[in-house]
2 protein chains.
Amino acid sequence: MPESTAKKPSRIQQRNRRVILDAALEVFSKHGYRGATLDQIAAEAGLSKPNILYYFNGKEDIHVTLLSQLMETWLDPLVELDPDGDPRREILDYVERKLTMSRELPRESRLFANEILQGAPRIEPELHRHLKPLFDEKCAVIAGWVSEGKLPPLDPQHLIFSIWATTQHYADFEAQAQVLLGPETDPRPRAQAHLQAMFGALLDLPAQ
Amino acid sequence: MPESTAKKPSRIQQRNRRVILDAALEVFSKHGYRGATLDQIAAEAGLSKPNILYYFNGKEDIHVTLLSQLMETWLDPLVELDPDGDPRREILDYVERKLTMSRELPRESRLFANEILQGAPRIEPELHRHLKPLFDEKCAVIAGWVSEGKLPPLDPQHLIFSIWATTQHYADFEAQAQVLLGPETDPRPRAQAHLQAMFGALLDLPAQ
DNA sequence: TTGTTTTTTTACCATTTGGTAAATCCACGA
DNA sequence: TCGTGGATTTACCAAATGGTAAAAAAACAA
């Protein structure tokens with residue numbers, strides 16, 4: 001049995017844990033935590049249900065492992081925001097990276113959205129441990145740019161919220177966008193132009 | 001039995017249907033469709049489960065009824081956007097109304113968010129019937145303002161998406177905001193200032 | 001090969017959940 | 001007061017679901 005007092009995980013263990021987590025991502029992101037079933041995950045992974053429970057201690061264990069493991073990837077675009085770069089460029093590039101991520105990792109976006117919507121019952125600790133420090137750090141960076149006069153006076157916290165909201169919207173509310181725009185084309189190219197214009201206008205505001 | 005070939009619903013029927021729908025809003029918005037149980041709804045409503053099924057044909061019936069009934073309220077702020085008003089004022093007022101709504105009707109916001117996240121399986125028809133025509137109509141209004149030179153060139157569809165995303169964010173992702181800002185204060189006053197500045201900047205852009 | 005450990009399957013189980021049948025209760029008009 | 005139809009409860013049920021025990025199979029070290 002794979003124990004917490006672990007030695008090295010075997011090749012089979014590594015592969016199967018990866019397969020299970022990928023299947024779980026597919027299922028959890030589509031149905032939410034309570035809507036997802038171990039049978040669905042098992043089917044998606046091509047394994048039997050008891051076999052899945054051989055690798056994880058239960059449904060919640062899979063979910064928490066998945067979220068924790070994806071947290072880093074998820075925060076990566078924000079990590080890259082460089083305090084020494086050009087403020088306007090840095091923020092607009094961040095918007096672009098987040099929008100790209102919503103196209104390339106929509107399942108991850110919906111997974112997080114689902115969890116937060118339910119009140120973040122299972123990853124609140126992770127949010128405090130990873131998201132909060134990074135958020136505070138980057139808010140301070142932006143606040144610094146503002147006080148140096150490199151940016152117009154703006155609210156760093158709510159600026160970041162707006163970036164998250166507008167970019168993740170295209171993954172989380174894809175079903176709505178497909179009704180309104182048609183299912184054929186990816187709205188993101190035009191979204192990119194719009195968001196660059198919008199955040200660009202905000203960042204170009206005259207200083208106070 | 002209350003039939004679809006209905007006469008007039010009795011006073012008791014009216015009251016209990018309202019009580020049930022309010023309980024269902026509470027439970028569905030908190031746990032999503034599949035995460036909510038009839039027992040929870042029954043407990044919240046102060047009725048027995050069979051009694052609830054006396055008023056509705058099943059779980060899905062409650063959910064669909066709830067969504068359909070709230071659709072009008074939900075779209076109301078956009079309906080109010082006046083083609084004959086001042087473009088800039090109309091749009092900024094719409095932002096404010098949506099933000100107010102996210103404070104006063106957060107459960108409704110999360111209910112819709114949950115449904116859309118799962119791919120809108122149960123209200124897609126309603127979206128086509130009510131949301132889409134209104135969306136198209138108001139996009140045309142904004143596009144008209146742009147072509148009249150009353151607004152800078154902007155993308156009406158993605159402008160509306162941005163307004164939805166940024167305002168509903170404060171209801172849908174409240175758990176995250178509470179981790180990042182602290183649970184004490186309502187972030188919306190500062191959000192209001194930020195959003196007015198952001199959309200104001202976009203709308204004030206020089207014409208092409 | 002043989003013995004041992006890891007992996008997988010088979011056969012279950014208890015609980016939860018959406019839903020139903022039928023009996024009972026109750027409001028109210030004649 | 002009594003009867004009638006609407007409202008509510010009691011007692012269920014079948015299916016789904018998270019999870020377990022133990023045997024079987026596969027992998028691997030000697």
* Could you say whether A/Leu47 or A/Arg34 is positioned toward the 5' end of DNA chain C, judged by the nucleotide with the nearest heavy atom to each? => A/Leu47
* Could you state the atom-to-atom distance from CD1 of B/Ile62 to P of C/dG18 in whole Å? => 10 Å
* Asked: Should the pair B/His158 and A/His194 be assigned to parallel (<30°), tilted (30 to 60°) or perpendicular (>60°) ring geometry?
  -> tilted
* To do: Mark yes or no for whether B/Glu115, through its side chain, and B/Ile123, through its backbone, hold a donor-acceptor pair below 3.5 Å.
  => yes
* Asked: Counting side-chain heavy atoms from C-beta on, which of D/dA11, C/dG18, D/dT17 comes nearest to B/Pro50?
  -> D/dA11
* Asked: Counting just side-chain N and O atoms, does A/Tyr54 come under 4.0 Å of either OP1 or OP2 of C/dT8?
  -> no
* If only side-chain N and O atoms of B/Asn51 are considered, is one of them under 4.0 Å from the OP1 or OP2 phosphate oxygen of D/dA7? -> no
* Asked: Angle class for the B/Phe135/B/Trp164 ring planes (parallel below 30°, perpendicular above 60°, tilted otherwise)?
  -> tilted
* So what does A/Ser48 hit on the nucleic acid, given a heavy-atom distance under 4.0 Å: a base, only sugar-phosphate, or nothing? -> base
* **Euclidean distance, atom CZ of residue A/Arg11 to atom C1' of C/dT7 [Å, nearest integer]** => 16 Å
* Asked: With a 3.5 Å cut-off and just heavy-atom distances, do the side chain of B/Lys59 and the base of C/dG19 make a donor-acceptor pair?
  -> no
* To do: Report yes if at least one side-chain N or O of A/Gln13 is closer than 4.0 Å to OP1 or OP2 of C/dT7; otherwise report no.
  => yes
* To do: Could you check whether B/Leu53 gets within reach of a base, just the sugar-phosphate, or nothing at all, counting any heavy atom under 4.0 Å?
  => base
* Structure fact -> The nucleotide from C/dA21, D/dA7, D/dG19 with an atom nearest the side chain of B/Tyr55 is D/dA7
* When all nucleic acid strands are considered with a 4.0 Å heavy-atom cut-off, which category describes B/Ala42: base, sugar-phosphate, or nothing? -> nothing
* Asked: To the side chain of A/Ile12, which of D/dT9, C/dG18, C/dT7 is closest?
  -> C/dT7
* Asked: Out of C/dT20, C/dG19, C/dT10, which nucleotide sits closest to the side chain of B/Leu38?
  -> C/dG19
* Looking at B/Phe56, does the NZ or CZ of B/Arg17 lie under 6.0 angstrom from its six-membered ring centre and within 45 degrees of the ring axis? -> yes
* Contact under 4.0 Å: A/Asn16 side-chain N or O vs C/dT8 OP1/OP2 -> yes
